[in-house]
Amino acid sequence: MPELPEVETVRDGLDRLVVDARVSGVEVFREYSIRRHAGGPALFAEQLDGAVLTAAVRRGKFLWLPIVAPGGPASLTPSHALVAHLGMSGQLLVRDPGEAGDWTHPHLRVRLHLDGAPSGARHLDFVDQRTFGHLAVESLGPTPDGAPGGHGSDLAAVPASVAHIGRDLLDPAFDADAVVAAIRRRRTGLKRALLDQTVVSGVGNIYADEALWRARLHYARPTDTLRRAEALRVLDAAADVMREALVQGGTSFDSLYVNVNGESGYFSRGLAVYGREGQPCPRCETPVRRDAFMNRSSYTCPRCQPRPRNARW
DNA sequence: TTCCGCACCTGCCGGC
DNA sequence: TGCCGGCAGGTGCGGA
């Protein structure tokens, strides 16, 4: 399940392997995967065919590749971007000349043919089993604060669909004080606030549980009772756990998350509570508890993270 | 305006 | 063996 560290691993791979490539063809095998692109597959292909991929940028779990339009010089400032969200199972796979020929995949949704990639790659494939991910070409708009739109480019611009997403914890322009204030203004549960991408982006179910465990806070703690130091503690914990995951190439439970070369990360071995129902808490050895939460699961240590009496979610 | 619940989607797994 | 329901979960939308 791609979260920030996994998406950053993919972004880094794209940055090294396909930036400066020109798109020489587009194949859409599953129209649903470009459902957010206004105009459908024909316009999607038309806008990309001949375009140059100029960078690989990420904010939270959103990725985008600013493009110089077909026919334009590669030095032109990009006005549009190929936006990608991996959803739950999306993969962006870079295929080299040796394997590009007949390689296929049962969940291959979109294929970009490339010319002039620094790696010699000929295909950028969007593979997505559960089809929650999507691709789209969107116009770029200026950032309100004039800071770079995301990690990977100095361009102070973001795609339209990313404009409402908050900056992530690893972004140099992340404003911790403003995010703490935003969390404490809310009247909801702490985990729900952490998962709200408009408050802080990049935190998903796995890292929310891990950050809450590290900060010794329960997911149902009302945000309006949170002390400033507690809010900072959980944000710091989330940043730490994501940095550690990033070093190990992200978290992986199965083949659904891989980097651009199709390789899995190793951070799942470092998880303290997520997916460990009934197993001992690494701190106090109390069995980890699993609760249903927002149509998914939350994992906590009942001793390290006691449930508040005024629980809210 | 803010918060919450649900739909979207596919494959795997367990139960019958 | 085959069918069915439950589960996984990020995002956006509609309703309260």
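All chains are named by letter (A, B, ...) in the order of the sequence lines, taking the proteins before the strands, and each is independently numbered beginning at 1. Not measured: the values here are computed from a predicted model. Values reported hereafter were calculated over all heavy atoms of this structure, with side chains retained and with hydrogens, waters and symmetry mates removed.
Rounded to an integer number of Å, the gap from CZ of A/R36 to C1' of C/dC13 is 10 Å. One atom, CE of A/M88, and another, P of B/dC9, lie 14 Å apart when rounded to the nearest Å. Between A/Q129 atom CD and C/dG10 atom C1' the separation is 15 Å, expressed in whole Å. Rounded to whole angstrom, the span from the CG atom of A/D224 across to the C1' atom of B/dC3 amounts to 13 Å. In this structure, A/R296 atom CZ and C/dT11 atom C1' are separated by 9 Å, rounded to whole Å. Between the CD1 atom of A/I34 and the C1' atom of B/dC8 there is a distance of 17 Å, rounded to whole Å. Rounded to whole Å, the distance from CZ on A/R58 to P on C/dG10 is 16 Å. Atom NE2 in A/H134 sits about 15 Å away from atom P in C/dG10, given to the nearest Å.
Here the side chain of A/R130 is nearest to one of C/dG12, C/dA8, C/dG10, namely C/dA8. Side chain of A/R192, nearest nucleotide from C/dT11, B/dC3, B/dC4: B/dC4. Side-chain proximity of A/H164 to C/dT11, C/dG12, B/dC8: nearest is C/dG12. Picking from B/dC3, C/dG12, B/dC8 the nucleotide with the shortest atom distance to the side chain of A/T188 gives B/dC3.
Distance check, rounded to the nearest 0.5 Å: CZ of A/R111 to CG of A/D125 gives 4.0 Å.
OP1 or OP2 of C/dA8 lies within a sub-4.0 Å distance of a side-chain N or O belonging to A/R290. Between B/dC9 and A/H107, no contact under 4.0 Å exists linking OP1 or OP2 to a side-chain N or O. Side-chain nitrogen and oxygen atoms of A/Q197 include at least one within less than 4.0 Å of the OP1 or OP2 phosphate oxygen of C/dT11. Between C/dT11 and A/H85, a contact under 4.0 Å exists linking OP1 or OP2 to a side-chain N or O.
In this pair, A/F62 and A/H85 present their aromatic rings perpendicular. The plane angle is above 60°, beyond the 30 to 60° band.
No side-chain N or O of A/Q197 forms a donor-acceptor pair with one of A/H164 less than 3.5 Å apart. A donor-acceptor contact closer than 3.5 angstrom is absent between the side chains of A/H105 and A/Q91.
Both distances falling under 3.5 Å, in either a Watson-Crick or a G-U wobble arrangement, place B/dC13 opposite C/dG5.
Put simply, the side chain of A/L170 does not reach to within 4.5 Å of the side chain of A/H151, judged on heavy atoms.
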